[in-house]
Amino acid sequence: SHSEIDSQPDDLSSELDDYNDMLIDEYHFKTLTDTDEIWFYDNEKGIFEPGGEPIIKARLEDDFGKKDPTDEDSKPITIGGVNEHIGHIQRRTYINRDHLNPDIAWIACNNYMINLITGETQPFDPKFMSTTKIPVNYDHGYPAGVYADFFRMVEGKELPRIMCFLYEIMDLEDVEL
């Protein structure tokens with residue numbers, strides 16, 4: 001017995017693959033191997049967050065939830081079709097949880113990624129795989145906001161000591177995401 005996907009014409013399977021790939025590229029989905037939870041990259045926040053599945057469902061409903069009035073054979077997407085898309089996206093985007101936050105020297109602030117060791121800043125980018133953010137605007141080498149005093153304190157010769165302390169007390173496996 002063949003599954004529905006096996007019995008679909010090749011051009012339809014290719015269109016479904018292209019659609020799923022488009023969603024993966026747009027939202028940078030990552031599926032955690034330990035929970036099957038789909039995370040997405042929030043471009044405005046600059047971090048990955050849980051909650052990818054509702055995004056996929058909403059997009060599928062927007063794009064395929066209604067009968068196409070120009071095609072009398074079209075049908076709205078079914079729950080089975082939605083689950084099929086979700087399954088394909090999960091299987092294409094699996095990562096181990098330890099791939100998130102791979103370098104604690106980089107932290108997301110409101111407007112940049114900041115390397116706490118070097119002071120380098122970079123624009124938000126999914127490559128950082130960050131899941132946490134502090135509510136600080138970083139401007140002209142000094143952050144403005146709640147944590148400004150902390151950043152000024154760790155600037156310069158104190159920074160390596162603070163980073164060593166953070167590395168000693170932070171075991172990333174113990175941090176709940």
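Because the structure is predicted, anything quoted here is derived from the model rather than measured. All values below were derived from every heavy atom in this structure, side-chain atoms included, with hydrogens, water molecules and symmetry-related copies excluded.
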Scanning both residues in full, the closest heavy-atom pair of E53 with I38 reads N-CB, 4.1 Å

In terms of side-chain geometry, is the basic nitrogen of K57 or E61 positioned less than 4.0 Å from the acidic oxygen of its partner? no

Side chains of Y41 and E49, heavy atoms from C-beta outward: is any pair under 4.5 Å? no

Test item: Q122 side-chain N/O and I114 main-chain N/O as donor-acceptor pair under 3.5 Å: no

Check whether H85 reaches the backbone of V82 with its side chain - one donor and one acceptor, N or O, closer than 3.5 Å. no

Salt-bridged, R92 to D17, with N to O below 4.0 Å? yes

Interatomic spacing from CZ in F48 to CG in D42 - rounded to 0.5 Å: 10.5 Å

State whether the side chain of K45 and the backbone N or O of K133 hold a donor-acceptor pair below 3.5 Å, judged by distance alone. no

Contact between F40 and K30 at the side-chain level, heavy atoms closer than 4.5 Å - yes or no? no

Minimum side-chain heavy-atom gap I95-T31 below 4.5 Å: no

Before accepting this row, confirm whether a basic side-chain N of the pair R59/E26 lies closer than 4.0 Å to the acidic partner's carboxylate O. yes

Rounded at 0.5 Å granularity, tell me how far CZ in F124 sits from SG in C109. 7.5 Å

